[in-house]
Amino acid sequence: MSGDAPAIDALSRIEQGLTALGDRFRQSFAAATSEPALRAEQAKLLGKKGDLTAVLALLRDVPAADKPRAGALVNAFKTEVEKEFDACLRALGEAALQAELTARPFDLTLPGRLSLGRGHPHPVLAVREELLAIFRDLGFQSAPGPEIELEENNFTKLAFPPDHPATDMQDSFWLRPSVLLRTHTSNVQVREMMALAERVKAGESPRLAIVSAGAVYRRDDDLTHSPMFHQIEGFLVDERVSMAELKGVLGAFAERLYGPGTPVRLRPSYFPFVEPGAEVDVGCVFCNPNDGSRAACRVCKGTGWLEIAGCGMVHPDVFRHTGLDPDKVTGFAFGMGIERIAMLRYGIPNIRLLFENDPRFLAQF
Ligand code: FA5
C-alpha cells in the first residue's frame, strides 16, 4: 500500500493544480482588453511552455488505474478554457462595436489638413497624346500592339537578317528563345498587315492607315537612351502610294507640331523593312539662321536640322511575309521616339529625368 501513496498524491496534485490554474486564467482572460492580449494569455496557459504543461508533467506519476480519471479532469479543464476564451473573445468584439457605434462620428466632409497639388499628365504622355491626335486628324486610325512579342513579328517578318545586331542578346531583352520585349513599334505593321491580308482574301480592298504608340525596350542606357522608352509608328498601305505622299504626311505633321513653315527633309538611311529608307529631319526650332544664333546652337550643333524619325517605303518582303502581294500593294511607314520629341520640345537634357518622377521636375510642365 505504501507504494501507492505517491500515486494518490499525483492525482490530487493534478486536481489542485487545475483548480489553481482555473482561478488564475478566469481572472487573466477577463482582464485582457484586446484580442491579441487575450490570445497571449491563452498561450501562457496552453502553450508548449505554458502553465498547463507543468501540471501535465505529473501524469507520469499517476498509476494506470487512475489515468482515465486524470485524463477526464484535464479534458474537462481544456473544454472549460475553450468556452471561457470564446466568451471573452465575443465580449471584446461586442465592446469594440459598441465603442465604435457610440464614438463621435467621423466627419468625412471636413477639409484635409495637407493640401495636395492637382496632378497633370506626364510630359511623355502629353506628347504621346498630342502626336496621336495629329495623326488621327490626318486620317490615321489608332491600333494597339503587344509589348511582349514573337521574334517573328519584331524581326523576321520585318526582313531583319538573322545576324542583324538588333536581334542579339546584347541589344534586346529576350524572355525566352523566340519571345522578347518588342524593340520598336514596327511589330504593329506586321500584325495589322497580316489582318489586312485576311480582309483582302475576303474581298476587301488593300487599304490601311494606322498609327500606334507604346512602350518599347532595348539594352540602352545613356543621356538620350533609356532601356524602356516610347515610340509612335505610322504606316499606310494602298494601291499606288509614293514617297511624295510620305513626305506630304510628314510635312503636315511637322507644321502641326512645330508651327507653319517648319521645313522637313529626308536623308537616305537603312532599315531592313523599308526600301528606300530615310531619316526625317525637321528645321531646328531652337535657332535662327538670320540672327546668327545657328552657329552656336547646341541642339542642332549648327546644322539647322533635328532628326526626329525613321521612315521609308514598305519593303516588298514585308508585304510577302504578311500575306500581301507586293505587285498589287505599296505603302509607307515611319517611326519616332516620343521621349526624343518631348526632350526637344521642353529642352530636357537627360532622358532619365523623364522616368525619375521627381515632383520638382514634373511640376515644370
Ligand atoms: C526604329 O525603331 C524603326 N522601327 C523606325 C522606323 C519605323 C523606320 C518605320 C522606318 C519605318 P530607330 O532604331 O532609329 O528606328 O528608333 C527610332 C527612334 O527611337 C530614334 O530616332 C530615337 O529617337 C528613339 N530611340 C531609339 N532608341 C532609344 C532609346 N534607347 N531611348 C530613347 N529613345 C530611343
Side-chain angles (χ1 to χ4, degrees), residues 135 140-218 231-243 245-246 249-250 266 268-280 309-337:
F135 287 115
F140 290 76
Q141 263 187 352
S142 319
E147 292 172 27
I148 294 176
E149 186 54 288
L150 296 171
E151 175 181 19
E152 226 187 324
N153 296 341
N154 193 85
F155 291 131
T156 322
K157 288 200 157 96
L158 287 168
F160 277 75
D163 54 351
H164 190 284
T167 64
D168 200 274
M169 293 291 289
Q170 306 308 316
D171 286 289
S172 305
F173 293 103
W174 291 89
L175 301 180
R176 51 172 194 260
S178 311
V179 181
L180 76 164
L181 296 179
R182 67 174 174 182
T183 60
H184 52 183
T185 40
S186 302
N187 63 330
V188 182
Q189 285 188 40
V190 172
R191 290 172 168 269
E192 290 295 324
M193 286 185 204
M194 281 168 43
L196 176 64
E198 289 305 314
R199 296 200 296 276
V200 170
K201 266 192 224 150
E204 276 188 37
S205 54
R207 192 162 298 139
L208 195 68
I210 297 284
V211 63
S212 186
V216 304
Y217 304 82
R218 295 184 192 177
Q231 283 190 343
I232 180 164
E233 182 100 3
F235 50 95
L236 182 144
V237 174
D238 208 331
E239 276 163 6
R240 272 180 301 279
V241 182
S242 79
M243 209 142 180
E245 275 121 13
L246 168 60
V249 165
L250 292 170
L266 301 186
S269 185
Y270 170 74
F271 299 94
F273 40 95
V274 286
E275 178 57 36
E279 299 288 352
V280 184
C311 73
M313 302 306 291
V314 177
H315 196 293
D317 281 346
V318 176
F319 286 136
R320 270 184 215 108
H321 296 162
T322 53
L324 292 164
D325 181 351
D327 291 331
K328 296 206 176 114
V329 294
T330 48
F332 63 70
F334 53 85
M336 64 192 96

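This one's a predicted model, so the numbers in the text were calculated from it and none came from an experiment.
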Enclosure of Gln141 CD (heavy-atom neighbours >12, cutoff 6.0 Å): no

To the closest 0.5 Å, what do you measure between OH (Tyr217) and CG (Asn154)? 12.5 Å

Parallel, tilted or perpendicular, judged at 30° and 60°: which one describes the rings of Phe155 and His184? tilted

Can you name the nearest heavy-atom pair linking Leu266 to Ala278, along with the distance? CB-CB, 3.9 Å

Of the non-hydrogen atoms in Thr156 and His321, which two are nearest, and what is the gap between them? O-ND1, 3.6 Å

Among side-chain atoms of Ser186 and Glu233, is any donor-acceptor pair under 3.5 angstrom? yes

What closest approach, in Å, do Ala215 and Arg182 show between heavy atoms, and which atom pair accounts for it? O-NE, 2.9 Å

Any side-chain to backbone donor/acceptor pair from Glu245 onto Ser242? Under 3.5 Å, distance only. yes

As an exercise, state the distance from NE2 of His315 to CG of Leu158, rounded to the nearest 0.5 Å. 11.0 Å

What are the two closest heavy atoms between Cys311 and Leu246, and how far apart are they? SG-CD2, 3.8 Å

Strictly under 6.0 Å, is that where the ring centroids of Phe273 and Phe160 end up? yes

Below 4.5 Å, heavy atoms only, C-beta onward: do Ile232 and Val211 meet side chain to side chain? yes

Pair Val179-Leu150, side-chain contact (heavy atoms from CB on, under 4.5 Å): steps then yes or no: CA-CA 5 Å; Val179 181; Leu150 296 171; 4.2 Å; yes

Mind checking the CZ-CZ spacing from Arg207 to Arg199? Nearest 0.5 Å is all I need. 12.0 Å

Quick check against the 3.5 Å criterion: does Thr185 have a side-chain atom that pairs as donor or acceptor with the backbone of Ala213? no

Would you check if there is a donor-acceptor pair between the side chains of Glu149 and Asn187 at a distance under 3.5 Å? yes

Does a side-chain N-to-carboxylate-O contact under 4.0 Å join Glu152 and Lys157? yes

Nearest heavy-atom approach of Ser172 to Leu180 is CB-CD1, 3.8 Å

Atom of Thr167, atom of Pro162 and distance for their closest heavy-atom approach: OG1-O, 3.2 Å

Distance from Lys201 atom NZ to Leu196 atom CG, nearest 0.5 Å? 11.0 Å

Would you mind listing every salt bridge (charged side-chain N to carboxylate O under 4.0 Å, His left out) that reaches into residues 168-181, with sequence neighbours excluded? none

Contacts table for residues 323-334: side-chain donor-acceptor under 3.5 angstrom, sequence neighbours left out:
from: Asp325; atom 1: OD1; to: Asp327; atom 2: N; distance (Å): 2.8
from: Thr330; atom 1: OG1; to: Asp238; atom 2: O; distance (Å): 2.9
from: Thr330; atom 1: OG1; to: Glu239; atom 2: O; distance (Å): 3.3
from: Thr330; atom 1: OG1; to: Val241; atom 2: N; distance (Å): 2.7

With rounding to the nearest 0.5 angstrom, report the CZ to CD1 distance, Phe173 to Ile148. 13.0 Å

OG1-CD distance between Thr322 and Glu192, expressed to the nearest 0.5 angstrom: 11.0 Å

Between the main-chain N or O of Ser269 and the side-chain N or O of Glu279, is there a donor-acceptor pair closer than 3.5 Å? no

